Each structure stands twice: as structure tokens, then as C-alpha cells.
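What follows is one structure encoded as C-alpha cells, with my remarks underneath.
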Amino acid sequence: MRSVTDQLDLVLAAALTPPPVRVAISEAQGLLCAEEVVASAALPAFDQAAVDGYAVRSVDVQGASPMNPIALPVVGEIDAGTRAAHRLQPHQCVYVATGAPLPTIADAVVPRSAAERASARVNITRAVGSGQYVRRTGEDVQPGDVAVRSGAFIGSAQVGLLAAVGRDKVLVHPKPRLSIISVGDELVDVSRSPGPGQVYDVNSFALAAAARDAGAEVNRVGIAPRDPRKLRELVEARLLVSEVVVISGAAGGHSAELVVEALSELGELDLTRVAMQPGSAQGFGRLGPDAVPTFLLPINPVSALVVFEVMVRPVLRVMLGRRNPYRRTVTARTLEPIVSPEGRRQFLRGQLMRDEDDEYLVHVLGGGGTHLLASLAEANCLVLVDESATEIPVGTEVSVSFLAQRA
């Protein structure tokens, strides 16, 4: 039996990062930046008002208070977007809107709440210091600063910053394209009613969701034809447009042997048993002229999802350019005893929580029943039990890997 570590090393060695592509910034969210985006201009590009109010020289309003207001003539108004330059003279002020450029020699803004307008004059009731209520040129980004670094995750703030420095496109690590195929004589699509001995095709839907969560661009092919020649043609076509192919229901027994034989002309698929539970029976190979990583997963939905989480997801994260492809793990105390088979790493469904001391606790769900999909739907983590452990008492610390976070 191959260890989990050895199998991971094997599949990760095949995770070739697709070349970066340039996309519109509106399409870059959720991807990793593949270039150093350097600002060519200052941000803000000019001194501007941070609030609606009156642009002044700060020395002209020193000592202003409600008991000692300072009156200044209002010699104009400047709206946001105004291009014409305005010059202010000493002991004058100009009304400015938020975002409007400051007139020459003004170095502060008095908010409207600290001013009482009276026709062409205004009584200033609060002193302001130099630079107060002003967005200074370049205080956010200076020319030559790196606005978004290579390898940075592009979220809403990064998209906004790219727009702010005038970039409409950015180089990113693209989403790897993944195709999911189900095989099995017993499978029917969810749009049909299963007959005697038949079950719904669960895996293509569940694995497609898991792949999207991992960041892939997914094509859910559905149920593959039973004819070996047609299956080979289907897989061959998907290899041309995919960076990863996942075939569920082809990892154990006679069905797996038929799939491997049908695809033998496309490359070598290694059927193996990995020292893990669930999902021991699995397969991997690199098919087609581009040596596309191809995974054979169990038909059991829980086993298939666990193998995907442990083996396939890290490959997708590497392809996305992630430095650390693994989920966050923490240590938690068990709320019930755990029995585990010697020599296999267990991946148990769990519900992670905190006690009154903010310590992590974990409740194991579903026991060892790998067919219990409802318990996986309730889980927010996987409990990792080492190969050497067979009995874990209540209160023992175990490693726990987070699953997708709920809102």
C-alpha cells in the first residue's frame, strides 16, 4: 500500500502551472496576480478635499471658535471633477466638494459643520491645522510604488486599486480547466427516475462543486458511455481542453480495470491502494499528448469527495499559483473516543467548535460509515488520524483540517 505522502508527492509533481494570462480587472477577482503592478502616477493625483467645506490657509483660521468666529469672504466654489485651476488669496476661502482639487495656497479644509455661511461670507467656528481634511498627493501610492505584488490574491480591494492606478488589465494565474466524468452501469442522471438497482449520479455534481470551491473552471461531463471506444473518444476530447480530468467510479474492481484498458492508448493509469480511509482505492496517470493529470476516484460519494479534498484540491491550488496548496489545520480535543485501523490515515468527518476558554473541540460525525453523505454535509472539518494511531481516548488532541467556510 502506498502512503498518503508518497501519493501526494506523485500527483503534485504533475501539477504544472498554466502560463499567466492577461485579463480585464473585472475578471481577475479570486485569482493570483502574476506581475508586479507598479504605479506610474501618484494616488491621489492632486491635493483634494476630504469633506465638503471651505478650503482655507490654516494660518487664517487659527484661534477660531464658536465664541470667536473668524469671518472670511467666499470667493468661489469648486466641484469634484473641476479641471480649471483656482488661486486663493490670503484671508479668503473657497467652497469645495469632497474630492475637489484644492485651490493654490490652501492647505486645509474647514468642514461645513464648523462654518456658518452668510451670503458671500462665512464664519469659521473651528481652527484647523495644515493638512487637516485634505487628501494629500501621493499619500496612498507614490509613483514607482508596487500597487499589487506578484502572487497577491486579487480581491475587491485589489481590483479597486488596479482601477485607481489606471490599469484595465492585469496578468494573472488562470483558473485550471477541470473536466469531471462519471462511470457506472448503475448511474442515472438526476433528471430521470432511477429503476431497480440504479442510483443517481451524485459524484459529478458534488465533485464539480468541490472543484469550483478549489478555484477551477469546471466542465461537468456527466455519465460516460459504457462502450470502451466511445469512453476513450470522450476522454480524449476532454484532454484537449482540460488541465485536469477526474473520472469517478473507476477506482476499484472490474469497472476500474475496464476504464484503464479503454484509456490505455492515451497513456498509463496507475491503479493503486493508498493507506487512507476512506478512499483507499484510487488511480492516477498523465494522459494525452500534454500529459494531463487524470484522477480515478471511487464511486462512493463520501470517498470520492475525501480523495478529491486530499489529492486533487492541492493540485488545483498549485496550478492557481498558490504557495501553500493545503487547507488550514488546527489542533482540537476529541469529544468521543476514536478507533482507527492501524496503517491507514483516517479522514473522519467532524464538527469543529470552541469551548468557553476558546479552545477547539471536535465532534466526530458518521463514525466509519463512508456511505453516510448527510454527515459530510454537516461537517465543517476533517479529523486527521495518523497511520500509527489505533485508539484515541476522549480529550486527546488531534489535527483538524478546515473544510469550506460557511457564511
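Atoms considered below: every heavy atom in the structure, side chains included; atoms not considered: hydrogens, waters and symmetry mates. Here the structure is a predicted model, which means the values were calculated and not measured.
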Worksheet entry | R344/E387 salt bridge by N-O under 4.0 Å criterion | no
Discussion item. Check this for me, if you would: do R229 and E233 make a salt bridge, where the nitrogen-to-carboxylate-oxygen distance has to be below 4.0 angstrom?
Written reply: yes
Worksheet item: Is R212 salt-bridged to E217, going by a charged N under 4.0 Å from an acidic O?
Response: no
Discussion item. Angle between ring planes, F295 versus F284, binned at 30° and 60°: parallel, tilted or perpendicular?
Written reply: tilted
Worksheet item: Does CD in E268 sit with more than 12 non-hydrogen atoms of other residues, nucleotides or ligands closer than 6.0 Å?
Response: no
Item to complete: Hey, could you give me the CG/CZ distance between L240 and R177, rounded to the nearest 0.5 Å?
Response: 9.5 Å
Worksheet entry | Ionic contact status for D213 with R317, cut-off 4.0 Å | no
Practice prompt. Using side chain to side chain contact (heavy atoms under 4.5 Å, CB included) as the criterion, list what pairs up with T5, not counting sequence neighbours.
Written response: S3, D9, R345
Discussion item. Could you check whether E36 pairs with R149 (Lys NZ or Arg NE/NH1/NH2 to Asp/Glu carboxylate O, under 4.0 Å)?
Written reply: yes
Fill in: Side-chain ion pair, D6 and R2, N-O less than 4.0 Å
no
Worksheet entry | Beyond-backbone contact of V315 with R313, side-chain heavy atoms, under 4.5 angstrom | no
Worksheet entry | CD (E186) with more than 12 external heavy atoms under 6.0 Å | yes
